[in-house]
Peer 1: 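Sharing a structure below in C-alpha cells format, with a few things to ask.
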There are 2 protein chains.
Amino acid sequence: MYMENSRAIVIEPGLPDPCAKCDARQHSMCNSLDERDMFRLAEIAGVQKFEPGQTIAEEGDSAAHFFNITAGTARLCKLLPDGRRQIIGFPTRGHFLGLAVTSTYGFSVEAITEVRLCKFSRAKLNRVISDFPELEAKLLQTAMHELVVAQEQMLLLGRKTARERLASFLISELTTQEACAAPKNHVHLPMTRSDIADYLGLTIETISRSFSRLKADKLISLDNATEVAILDRHKLTAIANGET
Amino acid sequence: MYMENSRAIVIEPGLPDPCAKCDARQHSMCNSLDERDMFRLAEIAGVQKFEPGQTIAEEGDSAAHFFNITAGTARLCKLLPDGRRQIIGFPTRGHFLGLAVTSTYGFSVEAITEVRLCKFSRAKLNRVISDFPELEAKLLQTAMHELVVAQEQMLLLGRKTARERLASFLISELTTQEACAAPKNHVHLPMTRSDIADYLGLTIETISRSFSRLKADKLISLDNATEVAILDRHKLTAIANGET
DNA sequence: CGTTATCTTGACGTACATCAAATGTCGTGG
DNA sequence: CCACGACATTTGATGTACGTCAAGATAACG
C-alpha cells in the first residue's frame, strides 16, 4: 500500500524569479499579492521537487512548514495503528497545505505524480503574515472553502452508497479539472484504485466493481484505468447527489 | 426524525450590555476584541433564543447571517433527497457558525436544547471585519481548528468500526466538556441516539448495541440514556484510536 | 396511570469486505 | 520483437459487520 521514499532535493533557493514564471500563481494564495509583496514572500520560500511515492511531510512530525503546490498531484493520508488509511484529499497545483493550528501535521503528504512545491517556514510566514492583511483574508477564504468541501465529504463517507461515492468523486474531479481548462467530458485519474478506495472509505474491489457497473450502465467508459470518459454527466450527477 | 418548529423571537436588540454579562465571551471569537471593538461589533449583532427542535438556519437558504452560540447545544445537518441525514457537528457555547464562503448555508442548524445566540449580518460583519485584523486572525484560527476536527471525523467515518466511533465520540465529548470545567469522568449527552447515529454514520440500533457492549465490558456505565460515566478512560481512548 | 416517544434487544437481510484467482499493463532484458 | 516478471486491476465466491424489521422495555408527560 505504501511506497518507499528517499529525501527530496532543494533545486533552487526561493527567489522572486521563479514566482514570475510560476504557473500556479493565479491559482494560489499568491494571486492576492502585488509584486512588492511577492518579493517579500519569495524571500522566505524554497522550491522543491518530489518524485512519485516520496513523502513530503509525515503525520505527527513537527509542523515546521507550509506548502504551496505548484505542479503535480499529492495525497493527504491519515493512518490508524493497524494500517487502515483514510485519504483526506488530493491536492494539486494551487493548493495550500499546512492549514492547521496544531504543532504537528495532522496528516502525511505524499507525492502521487512528480510534485513541485513552494515551501514556507511556519515561523517566518507567521511573522510576515501580519504585514499582509490581504494574505490573511485569502487564507481565511481558503480555509472556509476547505471546510465546505470537508463537510460534503463527511456526508459522502457517512451516508452515501459505494456507487454514489464513486459518482461524486468523478463529478468532483471533472469539475475541478474543468476549472483550469475548458468544459470537457474526460477525467484523468493519476491516483491508483487503492488511493480512490481510501479516499472514499471503501476497498479496491468495491471501487473496481462500481466502475464496472457505471460502465455497464453506459454512464462512463474506461480506456485504460486512469482515463475515464463521462458519457452521461447529468445522470452521474443525479447519482452523486443521491437522487436515485 | 425531525421536529416541527416555529419562528424564534428577538428578545433584545444587540447592545454592548449583553456582551458584558455574556458567559460565552471568553470562549468565542469575541475574546480577541478589546472593549471599544466589542461596542462596534455589538452594534451589528442581535440576540435570539430558540426552543428545542427549532430550526435556526436552513441548508440551501441564502447565507445572510453568522451566528455565535452563547448557550445550549445545536446540531448541524446535511440531508440527501431521500432523507438520509449526516450530522456535521454539535456546536455549543462559543462556537461560531456560518464559516462558509458560499452564498447559501451548506447545512441546517437546529436547536437540540434551548439555544441562545448572537446573530450578525454577513454584509455588516464583512464591512466591519476589515477594521479588526485580530478578529480576522481569530476567525482563521477557528476555521483551521474546525478543519483539523473535520479531517479527524473523515478518518472516523471512512475507516473506524462502530465501537471505535462511539468510543471516539464519548472521549471527544468528555474532552470538550472538560475544557469548560474540571477534569471529570462523566459525560452529558443532550442529543438523542438518532442524532448520535447520524453523526457517526450509523443507525440507532447499532449505537444502542455499541453502548451496551461498552457497558458489558465495564468501560462505561449508563444511568439514564443521557448520562454516561466513563469507567476506563485509558482503554476507551485506546479503542477510539483503533489500538485494539 | 394511560399515551407516546425513545431506547434496547432479538431475528434476519444485505451491501460491502475478504479471500482467491484470472486478466490486463508496463518496464526490462534477451 | 517477444518473453518475462512485478503490479495494478478486474472478476468471482464467500464472509461479516452493520442495516432492517419487529417486538419489548423505559422513560417522559399530561
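Naming convention: chains lettered A, B, ... in sequence-line order (proteins, then strands); numbering from 1 in each chain.
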Peer 1: Without swapping roles, check the side chain of A/Glu51 against the backbone of A/Ala111 for a donor-acceptor pair under 3.5 Å.
Peer 2: no
Peer 1: In whole angstrom, what separates B/Ile112's CD1 from C/dT6's C1'?
Peer 2: 15 Å
Peer 1: From CG of B/Leu202 over to C1' of D/dA17, roughly how many Å is that when rounded to an integer?
Peer 2: 10 Å
Peer 1: Among A/Thr244, A/Thr206, A/Asp217, which one satisfies side chain to side chain donor-acceptor pair (under 3.5 Å) with A/Arg163?
Peer 2: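 With A/Arg163 as partner, A/Thr244, A/Thr206, A/Asp217 yield a single side chain to side chain donor-acceptor pair (under 3.5 Å), made by A/Asp217.
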Peer 1: Can you tell me if the side-chain N/O atoms of A/Thr192 get under 4.0 Å from OP1 or OP2 in D/dA8?
Peer 2: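 It does not, given that no N or O in the side chain of A/Thr192 lies less than 4.0 Å from OP1 or OP2 of D/dA8.
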Peer 1: Establish, with yes or no, whether the OP1 or OP2 oxygen of D/dT10 is under 4.0 angstrom from a side-chain nitrogen or oxygen of A/Arg209.
Peer 2: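 No.
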Peer 1: If you look at every heavy atom in A/Ser108 and A/Glu59, which pair is closest and at what distance?
Peer 2: OG-N, 2.9 Å
Peer 1: Specify the separation, in whole Å, of atom CG of B/Leu214 and atom P of C/dT9.
Peer 2: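 Result: 13 Å.
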Peer 1: If you pin A/Arg159 and A/Arg193 to their nearest nucleotides in DNA chain D, which one's is more 5'?
Peer 2: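 Result: A/Arg193.
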Peer 1: Return the value, rounded to whole Å, for the distance between atom CZ of B/Arg163 and atom C1' of D/dT16.
Peer 2: 17 Å
Peer 1: Within the 4.0 Å heavy-atom criterion, would you say A/Thr203 contacts the bases, only the backbone, or no part of the nucleic acid?
Peer 2: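 Result for A/Thr203 = base.
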Peer 1: Flag yes if more than 12 heavy atoms outside A/His145 fall under 6.0 Å of its NE2 atom; otherwise flag no.
Peer 2: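 Check fails, neighbour count at 12 or below.
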Peer 1: Please state how far atom CZ in A/Arg165 lies from atom C1' in C/dA17, giving the value in whole angstrom units.
Peer 2: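 Rounded to the whole Å, the gap is 13 Å.
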Peer 1: How many Å lie between CD on B/Glu205 and P on C/dT9, as a whole number?
Peer 2: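 Those two atoms, CD and P, are 12 Å apart.
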Peer 1: Let me know the distance between CG of A/Leu222 and P of C/dT25, rounded to the nearest Å.
Peer 2: 11 Å
Peer 1: Look at A/Thr206 and C/dA15 and indicate whether a side-chain polar atom (N or O) is within less than 4.0 Å of OP1 or OP2.
Peer 2: no
Peer 1: When the distance from CD1 of B/Ile204 to C1' of D/dT20 is rounded to whole Å, what number comes out?
Peer 2: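 From B/Ile204 CD1 to D/dT20 C1': 11 Å.
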